[in-house]
Amino acid sequence: MKLTGSQIFLESLKKEKVEYIFGIPGGAIIDLHDEIYKQDDINFILTRHEQAAVHAADGYARSSGKPGVALLTSGPGATNGITGIATAYMDSIPLIVFTGQVPTPLIGNDAFQEADIVGMTRSCTKYNFLVKDAKDLARIIKKAFYIATTGRPGPVLIDFPKDVQVAKAEFSYPETIHLRGYNPTYHGNLKQIKKVVKAIASAKKPLLYVGGGTILSNASDELRKLAQKLRIPVFTTLMGIGAYPEDDDLSLGMAGMHGTYRANMAIQYCDLLISVGARFDDRITGKVSEFAPNAKVVHIDIDPTSISKNIHVDYPLVGDVKLVLKEMLPMFDEYNHVDWNEVRKQWFEQINKWKNEHKLAYEKEKKEILPQYVIEKLCEITKDDDPVITTEVGQHQMWVAQFYTFTKPRRFLTSGGLGTMGYGFPAGIGAQFAYPDKPVFVFAGDGSFQMNEQELATLIAYDKPVKVIILNNGFLGMVRQWQDLFYGKRYAATDIEVQPDFVKLAESYGIKARQIRKKSEVEEALIEMKEHKGPYILDAVIDREENVYPMVPAGAAISNMLLT
Amino acid sequence: MKRIFSITVENEAGVLSRVANLFSARGYNIESLNVAPINEENLSRMTIVTEGDEAILEQIGKQLNKLIDTIKVTEFGDVPFVEREMALIKMHTDLGTRAEVLRIVDIFRGKVVDVSPDSYTIEVTGDSGKIDAILSLLEPLGIKELARTGKVAMIRENKK
Ligand SMILES: Cc1ncc(C[n+]2csc(CCOP(=O)(O)OP(=O)(O)O)c2C)c(N)n1
């Protein structure tokens, strides 16, 4: 039977078991919307800005592990989505973004609402397509889902001209797909795995360096087995937070520019650094030439281009982290007689010393609200609720990374690679769609929140109980911190005290909200928020000039930390 | 260090732009680039000459491999290979220079493919060294216009 392009679109998405599409309609996708309107299997979620739609799809994907889907109109709809796409690209998040396009005969004519979105997104998508003929559509959608979700995941864009949406073609959805130029390596090379096993077993001071790839590959169980069996301490990157339980005694927390003292010191003194799904980003390495000077480096990653890109790797191991660790684990059985605690005694002595020096801390005596306290308190009162926590970008993001104790993967969503202000709130909405029954908390700076605050309407429209905590310092805080420390306190363009009354703003949408200013109000307000059934905005006015410590100045060695 | 990459790619719209983008986005330099279809359906071969240190060249190789439209990447480094380039050279000529131009063309086994009262157009093929050499000899005689194809390359078969 012949179907229209719009019908093929929907039937294909059903085959891919898509539950939600996030976006905003427009002239170039009105036919698609008409088709969506006629059925109930797939729900369209209307946001108030396309950037937010893509972030919501991203939040859905990160929290659930399933690909996120967005549908944007041509021209400005598509260009508004680019920040969302680039955000997902930098963090390797599987998305399929459909954009409307002007009818094929008009492409290239500067037609109304035409944008060369395929050209514009070539460098921030894993792949992209222009559909020229309805008969190609089902195959293209199949390919898009395949490419987005396999290998190193990433966003794929499909540009969908209006005439192709109404043209008819025979529909059959391919069961499998083969791309001759795309064959990710999943299984590690056996010889290389054996070498790595040997290196790990003979290391005196090994250290696991865990990145977002471990979460993407759902390898937390294997990672935990490896660390605990061999007694290897673990630190994560920002993207790796939650891959290893932070309440475990082997956890050193997050390393890097705002990492813990113990993790950064361990990097400098370890003799074997085992990188698992991480990419040696400059926020982790600091000055590359002084990074992990005493260590041989193992690098396990599915993307060969990540390996030896920034630093020299002694044991490259290309493959899917989960499969590689699975293959590796039984090989350690031959060392079952070894008492690893005994072997690592010195290493743990050293680490325990660091653990007790320069702990993450803040002033406990203040009457004003300190952001770290709010985060610790929320962690305390939500311990048993398995919440999803998202953040915006800035100081508050780093404080959440430092002071909230994450014990599970896919519970901490943040824009790591691109550092996109405006990500956290819509991503939280997306996560709430993935998990209708889990609590979702968004930590926002007052600056970031204003970048997508229009999505308050989306919360109300879909009755989603997302809770937002604004850590309100009236500054673009992270930039102000740099100005404070490195630019003689010249606060150029970072004072944003001119702001809406966030309580009134929320209330104008019909959302419950409250402002607090004193430390003594924090706990009670957090509990009120938690127990409130619907969405809730808590505007916590915090000490304006609190800084994030430790801090490694950009370009300095990772052990060169400003501690207070 | 110079390196020639020869890549077999899907003959899809946008492939050239993906490859070019890979170089420009990472600040790598393309010295020459040549694309044409090959004898397998829907495939093209691109020959790219680039320059960089070992680490950069390794990255370029990996990044080219990672492109979804890339079927195969061959690097011409240590293995014996043949490389060729073709140039079309239009020369100003007059009675005083014609004979000399023809003699040079002959030595380099080039061909005169177009003639006008005051110009010769010459075709010459060879490795880049040979092309450079003929150009340096012709230069003082007055080159009017020059077009070079950029390199194409293939691995030599084992002679046993
Ligand atoms: C879209 C975007 N624009 C600008 C920046 C640069 N930037 C990084 S952090 C920051 C300040 C964030 O302020 P706020 O959201 O209030 O958080 P705070 O640092 O105060 O916690 C800015 C402007 C960015 N990361 N993203």
*Of the listed residues (B:Q59, B:K72, B:E12), which shares the most heavy-atom pairs with chain A below a 4.5 Å separation?*
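Answer, by heavy-atom pair count under 4.5 Å with chain A: B:Q59.
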
*B:G14 versus A:R122, closest heavy-atom pair with distance*: CA-NH2, 3.8 Å

*Between A:G181 and B:I71, what is the shortest heavy-atom contact and its length?*
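Heavy atoms of A:G181 and B:I71 come nearest at N-CD1, 3.9 Å.
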
*For A:I307, is it the side chain, the backbone, both, or neither that has a heavy atom closer than 4.5 Å to a heavy atom of chain B?*
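Contact with chain B involves both backbone and side-chain atoms of A:I307.
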
*Below 4.5 Å from any heavy atom of chain B, which atoms of A:N183 appear? Answer side chain, backbone, both or neither.*
neither

How about [X]: does its [atom1] atom have over 12 heavy atoms from other parts shown lying under 6.0 Å from it?
| X | atom1 | answer |
| --- | --- | --- |
| A:R139 | CZ | no |
| A:K142 | NZ | yes |
| A:K296 | NZ | no |
| B:E145 | CD | no |

*Check whether any side-chain heavy atom of A:K309 lies under 4.5 Å from a side-chain heavy atom of B:K62, and answer yes or no.*
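The answer is no; the side chains never approach within 4.5 Å.
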
*Side chains of B:E10 and A:L179: closer than 4.5 Å at any heavy-atom pair?*
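No. Closest side-chain heavy atoms not under 4.5 Å.
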
*Proximal to chain A - members of residues 29-56 of chain B, heavy-atom separation under 4.5 Å*: B:E41, B:N42, B:L43

*Counting only heavy atoms closer than 4.5 Å, note whether B:Q63 contacts chain A via side chain, backbone, both or neither.*
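Both backbone and side chain.
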
*Measure the spacing between CZ of A:R180 and CG of B:D69 and express it to the nearest 0.5 Å.*
10.0 Å

